[in-house]
Peer 1: 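Below is the structure I would like to discuss, written out as structure tokens.
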Amino acid sequence: VVGDLRGLMARITLCPQGAAPRCCGNVVRARWLISTVLLATALAGWALSGTAQAAVPAAISLSLSPATVAADGTSTSKATIQVTDASVPPVGVAGEKVALSSTDPGEAISSVSDAGNGTYTATIRSSTTIGTPTITAADGVLSTTEKLTQIVGPPAHVAVTLNPPSIVANGISTSKATAKVTDAQGHLLAGQEVKFSSTDPKETIGTVTDAGKGTYTAVITASTTVGAATITATDGSAAGNATLTQTVGPPASITVQVSPGAIVADGTSTATATATVIDAQGHPVPTDAITFSSSDPGQFLGPVSNAGNGTYSVEIRSSTRIGSATITAADPSHLSGQATLTQAAGPSAMSLVATPGSLVTNQVVTLFAVVSASAGSPVGTITFNSGSTPIVGCVGEAITPSNPTAACQTSFAASMSPQRLTAVFSPGPTSTAPGAVGAATVIVKQDSPLISLAINGSLEAGQATTYSATVTPPESRSGPALPSGTVEFLDNGQPIQSCQSQPLIGGTATCAVIYRTIGQHAITTLYSGDANFTGSASAALSITVVSVPVHVAGIVTSTMQWLFFFTPRYTRVIALSVRGASAAAVVVVTCHGRGCSFAKRTAGISKPKGCGHKGKRKCPTSGSVNLSQDFKGPLRVGSTITVSIRRPAWIGKYYRFVIRPARAPNIQVNCLAPTAVRPGVGCSF
């Protein structure tokens, strides 16, 4: 069509020669119409050409980052897909429906995101299956694949087993420790560096062997310590443990002791036979089946008692046959031990004597015990008891046939009197004399304590002081019992009210007092006594209370001037002033009664204005105070004005004006001591 229009336009380009103007106008219009058609046709052809040249997908690629993840159900990999056309260079094709899939159904794949430039992304979350699933990206007929490797995670669990879990603590027995290492999903981990350790430092741990498939083994050799040890296997931060029990070995030795080693052959006396069973390493064997027997068929053996610590005992009642019997302890393995029990014709005799026989608290007493056997030789120990309690330092004193005497030195308190004393002879394994007991009673009386009083011999009035009384036993009987109770302090024979019952603390009682007046005091103390010590009094000590010394620097020399106007009913203050007062002085004015406009005023002596500055005159050392300006109105009869002029450490002045009817006030002038309260007192220094 376009070609035909162009040919037509060529044929009517010019008007024929001699044609009328109307004809030429038609030609021009025909040319414009043809040009318009050509332009429209060209535009339509351009539009058709653009639709035909749209990008067509020709290639697809896939990448995974990372390409290896842990098979833990949480690790992720980012899948990136590129779709391009066939142009050179290739151009990304957007708007495609790209799909992503995996051969592992346990993996989770997010929806695919289109970046708008031919790039598409998605997130792949791992499953818990170890392997290399295939990831496929597809766009219509186009597709590509990549492998995503899922591996085991880091060590998370270590399980330890022991075979056997219990071995003999003999230094040679062994147990095989096995550790299985897995990640958080239970996958076995091979190729790990596993270490074994034990809480028993003497156990020996052999070389760790990697048995494959996440299993690691080591051989543990026993120590010689009985008990439970914790075996721990570690792989990095992961660890597991198991308990290895080390037990005693089989019985290797039985020893027997009989206590006492000799008893009376009277059919009633008893002794105890004790068998101690140990293994080859010396460990007590607590589970052996021990039986006892005697070579004297007349002796009666009671039931066997297992103490649970490798010792087994039985009580043996004597027969009436004099002589020695062999006591045997045996177990089912025919292991045995023996001891000898002697049966004497009669009991041994024991004498116990206390010297001196009359005692006071803390007094040293010597106890003598002597064993005499009617038959046999006494060998063993003597223990001295107070009541049922062994006396410290007097337990298990050895005696022999050549020296069957034991001695003990101790002391007692009156609070526990009378003292019931015993001396017990315990025959040893080789003794052929039976045991014996001796008894004695001692009476203990109260002792007289020592009281020392400590005071300050002189103090000033108003000064606090503390009296101290110490109560102790006599030096020769200094302990162990100490005085207790209270102390009363007396002044000139009269109880001090605040110190009538002061407790002894560490043997000392105290009393704090303050004397306000001077004088002489005789101080004594009374100790109340207790169960071990009698009450007593201290000797008197004197204390002198003196007045407080005062240092006087000088006497105030200032003067006062006054002028009053008086009537029968009132008086007015016309003039009242202090002259020549030191700048260090203080003037105190009080007013009491009807007409007083104030109760108390304090005034200092101020220096004149302008003095003391550079280039000015020096300030005077004294000055004046005008007091009349403080009295505003008339003072009624009976009112009182006082003026005191004080200076530290100086004797001051005191003035007192008492208003009277129809005449001048009554005037009193006095001195003021530096520390005195009342005028005129203590001014003579």
Peer 1: Is the shortest side-chain heavy-atom distance between Asn362 and Asn532 below 4.5 Å?
Peer 2: no
Peer 1: For a quick check under 3.5 Å, do Thr74 and Asp72 share a side-chain donor-acceptor pair by atom type?
Peer 2: yes
Peer 1: Does any non-hydrogen side-chain atom of Ile496 lie less than 4.5 Å from one of Leu490?
Peer 2: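 Contact flag for Leu490/Ile496 side chains = no.
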Peer 1: Under 6.0 Å from the CD atom of Gln363, do we count more than 12 heavy atoms belonging to anything else shown?
Peer 2: yes
Peer 1: Should the pair Phe565 and Tyr570 be assigned to parallel (<30°), tilted (30 to 60°) or perpendicular (>60°) ring geometry?
Peer 2: tilted
Peer 1: Is there side-chain contact between Lys195 and Ser197, with at least one heavy-atom pair below 4.5 Å?
Peer 2: no
Peer 1: Distance check, rounded to the nearest 0.5 Å: Asn306 atom CG versus Thr311 atom OG1?
Peer 2: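 Separation between the atoms: 7.0 Å.
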Peer 1: side-chain hydrogen bond (donor to acceptor under 3.5 Å, both in side chains) for Thr525 and Ser538? Distances and angles first, verdict last.
Peer 2: CA-CA 5 Å; Thr525 59; Ser538 69; 2.7 Å; yes
Peer 1: Report yes or no: does Glu488 contribute a side-chain atom to a donor-acceptor pair with the main-chain N or O of Leu526 at less than 3.5 Å?
Peer 2: no
Peer 1: Walk me through it: do Gln409 and Thr366 pass the test side-chain hydrogen bond (donor to acceptor under 3.5 Å, both in side chains)?
Peer 2: CA-CA 4 Å; Gln409 281 195 330; Thr366 302; 3.1 Å; yes
Peer 1: Step through it carefully: locate the ring centre of Phe533, locate the ring centre of Tyr527, and say whether they are under 6.0 Å apart.
Peer 2: no
Peer 1: Test side chain to side chain contact (heavy atoms under 4.5 Å, CB included) on Leu453 and Thr524; report intermediate values, then the result.
Peer 2: CA-CA 8 Å; Leu453 177 62; Thr524 56; 5.7 Å; no
Peer 1: Contact between Val365 and Thr410 at the side-chain level, heavy atoms closer than 4.5 Å - yes or no?
Peer 2: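 A side-chain contact under 4.5 Å exists here.
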Peer 1: Between Lys600 and Val588, is any pair of side-chain heavy atoms under 4.5 Å apart?
Peer 2: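 Answer yes - side chains close enough.
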Peer 1: Quick one: CD on Gln520 to OG on Ser458, what's the gap to the nearest 0.5 Å?
Peer 2: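 Gln520 atom CD to Ser458 atom OG measures 9.0 Å (nearest 0.5 Å).
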Peer 1: Determine yes or no for a side-chain-to-main-chain donor-acceptor pair under 3.5 angstrom, with Asn385 supplying the side chain and Gly387 the backbone.
Peer 2: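 Not at all, since once roles are kept as given, no pair shorter than 3.5 Å links the two residues.
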Peer 1: Sub-3.5 Å donor-acceptor pair from the side chain of Gln494 to the main-chain atoms of Asp491, do we have one?
Peer 2: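 Checking the backbone N and O of Asp491 against the side chain of Gln494, no donor-acceptor pair under 3.5 Å is found.
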Peer 1: Has Asn492 got a side-chain atom pairing as donor or acceptor with Ala522's backbone, closer than 3.5 angstrom?
Peer 2: yes
Peer 1: Give a yes or no answer on whether the side chain of Ser528 reaches the backbone of Thr486 with a donor-acceptor pair at less than 3.5 Å.
Peer 2: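 A pair under 3.5 Å: yes.
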Peer 1: Between the main-chain N or O of Val371 and the side-chain N or O of Ser348, is there a donor-acceptor pair closer than 3.5 Å?
Peer 2: no
Peer 1: Does a side chain donor of either Ser484 or Asp530 reach within less than 3.5 Å of an acceptor in the other side chain?
Peer 2: yes
Peer 1: Strictly distance-based, threshold 3.5 Å: is any side-chain N or O of Ser417 a donor or acceptor partner for the main-chain N or O of Val444?
Peer 2: yes
Peer 1: Between atom CG of Leu635 and atom CD1 of Ile659, what is the distance when rounded to the nearest 0.5 Å?
Peer 2: 5.0 Å
Peer 1: I'd like to check Leu367 versus Leu352 (side-chain heavy atoms, cut-off strictly below 4.5 Å). Are they in contact?
Peer 2: yes
Peer 1: Rounded to the nearest 0.5 Å, how far does NE2 of His283 lie from OG1 of Thr225?
Peer 2: 6.5 Å
Peer 1: Is the shortest side-chain heavy-atom distance between Arg646 and Val556 below 4.5 Å?
Peer 2: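 When only atoms from C-beta onward are counted, Val556 and Arg646 do not touch, as no gap falls below 4.5 Å.
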Peer 1: Is there a donor-acceptor pair under 3.5 Å between the side chain of Gln419 and the backbone N or O of Val442?
Peer 2: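 Checked: no pair found.
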Peer 1: Report the C-alpha separation of Asn626 and Ser577 in whole Å, then their side-chain angles, then the decisive distance to 0.1 Å, and conclude whether the side-chain hydrogen bond (donor to acceptor under 3.5 Å, both in side chains) test is met.
Peer 2: CA-CA 4 Å; Asn626 182 12; Ser577 63; 5.6 Å; no
Peer 1: For the CZ atom of Phe412 and the CD1 atom of Ile391, what is their distance to the nearest 0.5 Å?
Peer 2: 4.5 Å
Peer 1: Hey, is the main chain of Leu421 close enough, under 3.5 Å, to the side chain of Ser386 for a donor-acceptor pair?
Peer 2: no
Peer 1: Could you tell me whether the side chain of Asn309 and the main chain of Pro286 form a donor-acceptor pair under 3.5 Å?
Peer 2: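 No, because the side chain of Asn309 does not come within donor-acceptor range (under 3.5 Å) of the backbone of Pro286.
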Peer 1: Could you give the distance from CD1 (Ile574) to CG (Leu563), rounded to the nearest 0.5 Å?
Peer 2: 6.0 Å
